[in-house]
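Working notes, beginning with the structure itself.
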Protein chains: 2
Amino acid sequence: MASKKREHLIDTALELFYQNGFHATGIDRILEVAGVARMTLYNHFKSKDELILAALRRRDEKFRNWFMRTVETIGDTPDKRLPAIFDALAEWFNEKQFSGCMFINASAEFSAPDDPIHGVSAEHKNLILKYITKLAKDADLANPEDVADSLMLLAEGAIVMRYVAGDEQAASRAKLAAEKILLASKA
Amino acid sequence: MASKKREHLIDTALELFYQNGFHATGIDRILEVAGVARMTLYNHFKSKDELILAALRRRDEKFRNWFMRTVETIGDTPDKRLPAIFDALAEWFNEKQFSGCMFINASAEFSAPDDPIHGVSAEHKNLILKYITKLAKDADLANPEDVADSLMLLAEGAIVMRYVAGDEQAASRAKLAAEKILLASKA
DNA sequence: GATTAGATAGACCGATCTGTCTATTTAATC
DNA sequence: GATTAAATAGACAGATCGGTCTATCTAATC
């Protein structure tokens, strides 16, 4: 079934949470922007936390789809895909609505490691790492896991430097570092 | 003068904001923990935002002092200091109260780039980068700025992977990657 | 001992928060 | 046209939010 109202609430919440934060975004604001009645929200979600979880799960799904598609479009052969990660990041960073990584932001607001919201964020990072590891294996590198770990760190570091410090060259700097790692891994 | 009450309020706020977040920490809670009257806070700070700024400035000062001291203790010669960055991170990550980077967390909650709180966070990251660049120059590397950029990205990535994904090996993984970068930079 | 500055407790404000409830309306199915 | 389920507006609750104000008290200085 997947009620249209429910879908629309998730999309609206996703947008507002991403742009303005979780605690800073009230239920009333979400209802106002979505144009939906209060009880419609509480019929579909038990609480605000449940709505946050739904929004994060949608974000994970949408972001990883976009990311994998973009990496594999820019990198048309297996050995071009690891560097293409950073071209994809550069695209993301240039989006007008870029507000950092929603999962880093979520972990910042829900700090308890056993909070389900923190858990979904951890899972997202692990799925991204898994994808990068797969790319590294497809590229026939000697030590794919280590290279993937390194590139993951560079990618996350780039997100932070772009968002927190406002460094517009963060993605290309990370790409340079990644190329050094890759070169060392082939030798 | 630097009133004792004022100092104590900043320290208490720093602790609570770091552990529980900024929006999630109310004025009442800070007053309760600090054991200070409401008007004492508002005599020293115009608003909650001003208190947040004071707490972040103190955190920047304390953290960078600790970081530089630790790096230079572990790395007793100039060429050992860049790798020592990641040993210092490992120490930090193992602290019982570790809750990620307070400035990344602050940027997550105050997303507008022109928000003073976001500005203080950007400044903190730039000061850390500046320090790493100084270390790279002292180590007589061919391209100290590039190496510093790379190591900064690895360090920030490690913070994210440790805090968001719970990876307890994040610091040592970052150190491995950094050593590859450093090796490539000496050849 | 009088003066002064800083800190106190606590009432109070208006706004906002998440979540509940009711009574009504809409719209699709039979 | 009757039935049924979903969505509506809006009142309401109880708590908490940041911030102001007052009246009292403490402690140091002169």
Side-chain angles (χ1 to χ4, degrees), chain A residues 1-58 105-106 108-112 115-118 120, chain B residues 1-58 105-106 108-112 115-118 120:
Chain A
M1 196 55 73
S3 155
K4 277 208 158 189
K5 294 284 176 186
R6 184 189 155 91
E7 299 302 297
H8 186 224
L9 275 169
I10 294 175
D11 286 334
T12 304
L14 171 48
E15 197 62 25
L16 292 172
F17 287 146
Y18 181 54
Q19 292 302 322
N20 305 112
F22 299 92
H23 287 94
T25 302
I27 294 287
D28 288 329
R29 178 70 183 144
I30 296 169
L31 296 174
E32 180 191 352
V33 173
V36 158
R38 197 169 195 76
M39 277 312 291
T40 304
L41 189 155
Y42 281 102
N43 280 333
H44 286 297
F45 305 95
K46 293 198 314 186
S47 65
K48 183 184 180 180
D49 274 18
E50 291 293 321
L51 178 58
I52 292 175
L53 283 171
L56 287 174
R57 292 201 186 95
R58 171 148 308 170
N105 296 349
E109 293 205 47
F110 301 89
S111 53
D115 189 312
I117 293 172
H118 203 124
V120 168
Chain B
M1 195 53 75
S3 155
K4 277 207 157 187
K5 293 283 175 185
R6 183 189 155 92
E7 300 302 297
H8 186 225
L9 274 169
I10 294 175
D11 286 334
T12 305
L14 171 48
E15 199 62 24
L16 292 173
F17 287 146
Y18 181 54
Q19 293 301 322
N20 307 113
F22 299 92
H23 287 93
T25 302
I27 294 288
D28 287 330
R29 177 71 181 143
I30 296 169
L31 296 174
E32 180 190 353
V33 173
V36 158
R38 198 169 192 76
M39 278 311 292
T40 305
L41 190 155
Y42 282 102
N43 281 334
H44 286 297
F45 305 96
K46 294 199 313 188
S47 65
K48 184 184 180 182
D49 275 18
E50 292 292 321
L51 178 58
I52 292 175
L53 283 171
L56 287 174
R57 292 200 186 96
R58 172 148 308 171
N105 296 350
E109 293 205 48
F110 302 89
S111 53
D115 189 311
I117 294 173
H118 203 123
V120 168

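All chains are named by letter (A, B, ...) in the order of the sequence lines, taking the proteins before the strands, and each is independently numbered beginning at 1.
Inter-residue side-chain proximity for Ile117(B) and Val120(B) is flagged as unmet; no heavy-atom pair is nearer than 4.5 Å.
Close to dG6(C), at under 4.0 Å from its OP1 or OP2, lies no side-chain N or O of His44(B). Between Ser3(B) and the phosphate of dA5(C), there is no side-chain N or O to OP1/OP2 separation shorter than 4.0 Å. Residue Thr40(A) has a polar side-chain atom (N or O) positioned under 4.0 Å from OP1 or OP2 of dT8(D).
Atom CZ of Arg38(A) is separated from atom CD1 of Ile27(A) by 7.0 Å, given to the nearest 0.5 angstrom. Within the model, atoms CG of Leu51(B) and CZ of Phe22(B) stand 10.0 Å from one another, a figure rounded to the nearest 0.5 Å.
Ring-plane geometry between Phe110(B) and His23(B) is classed as parallel, the angle between the planes falling under 30 degrees on a 0 to 90 degree scale with a further cut at 60.
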Each nucleotide in nucleotides 12-30 of chain D should get exactly one letter: B, S or -. Can you fill that in based on protein heavy atoms under 4.0 Å? -----SBBBBB--------
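One can place CG of Leu41(A) at 16 Å from C1' of dC21(C), the figure rounded to the nearest angstrom. Rounded to whole angstrom, the span from the CG atom of Leu9(A) across to the P atom of dT18(C) amounts to 14 Å. Note: NZ (Lys4(A)) to P (dA27(C)) measures 14 Å, nearest angstrom. Computed from coordinates, the Leu51(A) CG to dG19(C) C1' distance equals 13 Å when rounded to whole Å.
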Lys4(A) and Glu7(A): CA distance, side-chain angles, deciding distance, salt bridge (charged side-chain N to carboxylate O under 4.0 Å, His left out) verdict: CA-CA 5 Å; Lys4(A) 277 208 158 189; Glu7(A) 299 302 297; over 6 Å; no
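Here the closest heavy-atom approach between residue Ile30(B) and residue Leu16(B) is recorded as CA-CD1, 3.7 Å.
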